[in-house]
Amino acid sequence: MTPELMIKACSFYTGHLVKTHFCTWRDIARTNENVALAEKMNRAVTCYNFRLQKSVFHHWHSYMEDQKEKLKNTLLRIQQIIYCHKLSIILTKWRNRARLKSKKKEDELIFFYLSLKDVIICGQVNHAWMLMTQLNSLWNAIDFSTVKNVIPDKYILSTLQRWRLNVLRLNFHGCLLRPKTFRSVSHCRNLQELNVSDCPTFTDESMRHISEGCPGVLYLNLSNTTITNRTMRLLPRHFHNLQNLSLAYCRGFTDKGLQYLNLGNGCHKLIYLDLSGCTQISVQGFRYIANSCTGITHLTINDMPTLTDNCVKALVEKCSRITSLVFTGAPHISDRTFKALSTCKLRKIRFEGNKRVTDASFKYIDKNYPNLSHIYMADCKGITDSSLRSLSPLRQLTVLNLANCVRIGDMGLRQFLDGPASIRIRELNLSNCVRLSDVSVMKLSERCPNLNYLSLRNCDHLTAQGIGYIVNIFSLVSIDLSGTDISNEGLNVLSKHKKLKELSVSECYGITDVGIQAFCKSSLILEHLDVSYCSQLSDMIIKALAIYCINLTSLSIAGCPKITDSAMEMLSAKCHYLHILDISGCVLLTDQILEDLQIGCKQLRILKMQYCTNISKKAAQRMSSKVQQQEYNSNDPPRWFGYDREGDPLTELDNVTPSKGASELTVEKSTYSSEEQAA
C-alpha cells in the first residue's frame with residue numbers, strides 16, 4: 001500500500017462519503033423545502049381565502065346595512081302612510097260629525113236670538129223644532145216682559161216649574177202678575193239675576209219667598225215697586241253675594257230700611273247701586289249706605305232734587321272705591337261735591353242740567369282724578385272756557401260730552417286740544433255750543449287723530465270751510481251737523497271723506513236732493529242717515545240710498561212730506577239690513593209701504609209712523625207683529641211741521657218755525673205692540 005494509493009483511497013472514500021451524505025442531505029433539504037413551500041402555499045391560500053372572505057363579507061355587510069336602512073325607511077314610510085290614513089279617516093269622521101253638530105248647533109242658536117213668544121211659536125211647527133226648543137240652555141234666561149200683556153199667569157207658573165233648575169235670569173219688567181206667580185220664583189234655586197222693575201203687584205211678601213228660595217242672586221232690580229223696610233231687612237239676611245242692586249223710584253222704604261243693610265253679613269259685596277228718584281233718603285240714610293256698602297264702585301242717582309252736597313259727602317267718607325258716578329237731575333249739587341269726591345278714583349262722571357257746578361270743580365281735576373276717561377257735563381251752564389283748559393292734562397280722557405254748555409267758545413276748545421287729552425279723545429259732543437266756529441273744527445282736525453264721533457249740532461257759525469276741515473279727521477265715522485247752515489256745497493266736500501258710516505243733517509234747510517245724492521254716491525258704507533224735518537227733500541234721496549247705500553241700517557225721514565210709496569218700495573227692495581225706520585209726518589205714504597217693508601226689510605225692529613194720515617189703523621196693527629217697537633197715529637201733523645195733512649205748506653204760520661231739537665220730540669207710543677200677537 002503506497003501513500004499515493006492511500007491518499008487516493010481516502011480521497012475516494014471521503015468523496016463517496018460526502019457524496020452520499022450530501023445527496024441524503026439534499027434529498028432531505030428538498031423534502032423540507034417542499035413541505036415548507038406547501039405549508040407556505042397553504043398559509044397563502046388560507047390568507048387569500050380569508051382576505052377574499054373578508055372583502056366579500058364587507059361588501060355583503062354594506063349591502064345588508066343598506067338593505068336594512070331601506071327596509072327601515074320603507075317601514076317608516078308605511079307607518080306614516082298608515083298614520084296619515086288613520087288621521088284622514090278620523091278627521092273625515094270628525095268633520096262630518098262636527099258639521100252635523102255645527103248645523104244642529106246653528107239651528108239651535110237661532111232660538112237664542114228669538115223672543116219668548118217666537119220660541120213658543122217655533123215649538124209648534126213640528127216635532128224636531130219642538131225638541132230644539134226644549135234645550136236646557138235655552139231656558140237659562142227667560143224674558144217675560146216681552147209677552148207681559150198676552151201670557152196668563154198659569155203659563156208662567158208651568159214654565160218656571162218645568163225649568164226651575166235651569167233658570168239663571170228672569171225678567172218680569174212691567175208684568176202685572178198675581179202674588180202666587182211671584183212666589184213660584186222661589187223654586188228657581190239657581191237664580192242669579194232677577195228684574196221685577198215696574199211690577200205694581202210685587203210686594204214685601206213676594207220678596208220674602210224669593211229671598212228664602214234664591215240665596216244666590218247677584219243682580220236684583222226692584223225699580224219702581226212698592227217695597228218697604230221689610231224688604232230692606234231681607235236683603236242682607238239672605239242675599240250674601242248681592243253685587244248689583246237697583247232701588248230706583250222705590251219710595252216705600254226709609255232711612256231705617258237702609259240701616260238694615262248692615263245687619264248680619266250685610267251687603268258688603270255690593271258694587272253697583274241705583275238710588276234714582278228716592279227723594280225720601282236723607283243725609284243719615286246715605287251714612288247708613290256708607291257703613292254697610294263700602295265696596296260700591298258704580299253709583300247712579302238720577303232725578304233726585306233733594307240730593308245735596310252733604311249727602312254725597314256722607315256717602316264718600318267710607319265709599320272710597322267709587323269709579324263711576326251719575327248725577328242727572330240733581331240741581332243742588334255744587335262744587336263742594338267735587339271736592340268731597342277727591343278721595344275716590346273716578347273714571348266716569350256724569351252731571352246734567354246743573355247750574356251750580358262751575359269752573360271751580362275742574363280747577364284741580366288733573367290732580368284729583370288723573371284717570372278720568374268719560375266726562376258728561378251736558379247742560380251745565382256754569383262751565384266756561386276755563387273748565388276746558390283744566391281738562392286738557394287728562395291723558396286717559398276718551399269721551400267728552402259738553403252739549404248745551406253755551407258759554408264754551410273757540411278759545412276754551414283750543415286750549416283743551418293743545419293738551420295731551422286730545423290725543424286719545426274718541427267721542428266729542430259739542431251740541432248747542434253756539435259760540436264755536438270753523439276755528440275749532442280746524443283745531444280738531446289737527447289735534448284729534450283718534451276721533452270717531454263728533455256732534456256739532458246747532459253750531460250756527462259753522463260754514464263750508466269748517467266742513468272742509470272735518471274731511472281731514474280721517475278716523476271719523478259719525479258726524480252730527482243737524483241744525484247747522486250746511487249746504488249742498490258742504491255735502492259735496494263731506495263726501496270726500498268716504499269713511500263716514502253715520503250722518504245726521506236734521507233741520508238743515510240749505511241742502512237739497514242734489515247734495516244728498518252726491519254724498520250717497522261717495523259713501524257706500526253709510527249705515528245711518530238722519531234727514532228729518534228737511535221738508536225740501538223728495539223721492540230722489542230715497543232712490544239714491546237704494547242704489548248706493550245698500551248697507552243702511554237706520555233711516556229717519558220724519559217731517560219729509562214729499563216722500564211717496566214708489567221711492568220706499570225701491571228702498572225696501574234694496575236695503576235688506578234696515579233695522580230702524582222713522583217715517584213720521586210722511587203724509588203721502590200709504591198702507592202699501594208696510595207691505596213692501598214686510599217683504600224686503602225682514603230685519604226691521606223699530607218703526608215710527610207718527611202723523612201718517614194715509615196709513616190705516618188696521619195696517620199698522622198688522623205691522624206691529626213684525627217689529628219689536630212701533631209708534632203710530634194718524635193725526636194731522638203739528639203746526640210746527642210747516643205743512644198740512646196733504647203735504648202742502650201752511651200759509652198761516654208766518655211767524656212759527658220749527659224749534660231746534662224737534663227730532664227729540666217725545667211722541668205718544670202706539671197702543672199696538674208686537675206683544676199682542678204672542679202665541
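Only heavy atoms go into these numbers, but all of them, side chains included; no hydrogens, no water, no symmetry mates. Here, residue 1 is the first one in the sequence, and each next residue gets the next number.
Aromatic pair F641/Y533: centroids less than 6.0 angstrom apart.
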Steps toward side chain to side chain contact (heavy atoms under 4.5 Å, CB included) verdict (K626, L597): CA-CA 10 Å; K626 307 296 181 181; L597 290 174; over 6 Å; no
Test log, rule side chain to side chain contact (heavy atoms under 4.5 Å, CB included), inputs L444 and L428: CA-CA 10 Å; L444 284 171; L428 185 59; 3.5 Å; yes
For D644 and D636: C-alpha separation, side-chain torsions, deciding distance, then whether side chain to side chain contact (heavy atoms under 4.5 Å, CB included) applies. CA-CA 7 Å; D644 58 18; D636 291 345; over 6 Å; no
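S440 and D410 share a side-chain donor-acceptor pair at under 3.5 Å. N429 and Y376 are not linked by any side-chain donor-acceptor pair at a separation below 3.5 angstrom, with hydrogens and angles left out of the test. A donor atom on one side chain and an acceptor atom on the other are not found under 3.5 Å apart for S504 and S482. Inspection of the D143 and N171 side chains reveals an N or O donor paired with an N or O acceptor under 3.5 Å.
Between the side chain of T484 and the main chain of C459, no donor-acceptor pair closer than 3.5 Å is present. Under the 3.5 Å distance criterion, the side-chain polar atoms of R447 are left unmatched by any main-chain donor or acceptor of S422. Here the side chain of N614 pairs a donor or acceptor atom with the backbone of V587 at under 3.5 angstrom. Looking at Q536, its side chain does come within 3.5 Å of a backbone N or O of I511 through a donor-acceptor pair.
Counting non-hydrogen atoms of neighbouring residues, nucleotides and ligands closer than 6.0 angstrom, the NZ atom of K381 exceeds 12 such neighbours. Counting heavy-atom neighbours within 6.0 Å of E489 CD, excluding the residue itself, gives a total of 12 or less. For CD1 of I550, the number of neighbouring non-hydrogen atoms (other residues, nucleotides, ligands) closer than 6.0 Å is 12 at most. The local environment of CE in M570 is crowded, with over 12 non-hydrogen atoms from other residues, nucleotides or ligands closer than 6.0 Å.
L413 is not listed as a side-chain neighbour of K443, based on a closest heavy-atom distance of 4.5 Å or more. Residues R407 and I383 fail the side-chain proximity criterion, which asks for heavy atoms closer than 4.5 Å. In this structure, the side chains of Q517 and K521 stay at 4.5 Å or more apart for every pair of heavy atoms. Counting only heavy atoms from C-beta outward, the side chains of Y611 and N635 approach each other to under 4.5 Å. With a 4.5 Å cut-off on side-chain heavy atoms, Y453 and V399 do not count as touching. Looking only at side-chain heavy atoms (C-beta outward), E569 and Q592 stay at 4.5 Å or farther from each other. L494 places a side-chain heavy atom less than 4.5 Å from the side chain of L481. C380 is listed as a side-chain neighbour of N354, based on a closest heavy-atom distance under 4.5 Å.
The aromatic rings of Y272 and H298 are tilted relative to each other, their planes meeting at an angle between 30° and 60°.
H461 pairs by the side chain to side chain contact (heavy atoms under 4.5 Å, CB included) definition with S437, not counting sequence neighbours. F144 is linked by a ring pair (Phe, Tyr, Trp, His ring centres under 6.0 Å) to F172, counting only residues two or more places apart in sequence or in another chain. D385 meets the side chain to side chain contact (heavy atoms under 4.5 Å, CB included) test with I408, M411; sequence neighbours excluded. Applying the side chain to side chain contact (heavy atoms under 4.5 Å, CB included) rule to D582 yields the partners S556, A558, S584, K608; only residues at least two apart in sequence or on another chain are considered. Applying the ring pair (Phe, Tyr, Trp, His ring centres under 6.0 Å) rule to F519 yields no partners; only residues at least two apart in sequence or on another chain are considered.
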Which donor-acceptor pairs under 3.5 Å do the side chains of residues 462-470 make with protein atoms, sequence neighbours left out?
from : atom 1 : to   : atom 2 : distance (Å)
T463 : OG1    : D438 : OD1    : 3.4
T463 : OG1    : D438 : OD2    : 2.2
T463 : OG1    : Q465 : N      : 3.4
Q465 : NE2    : Y469 : OH     : 3.1

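Nearest heavy atom pair, residue M609 against residue I615, reads SD-CD1, 4.0 Å.
With values rounded to the nearest 0.5 angstrom, L581 atom CG is found 5.5 Å from I583 atom CD1.
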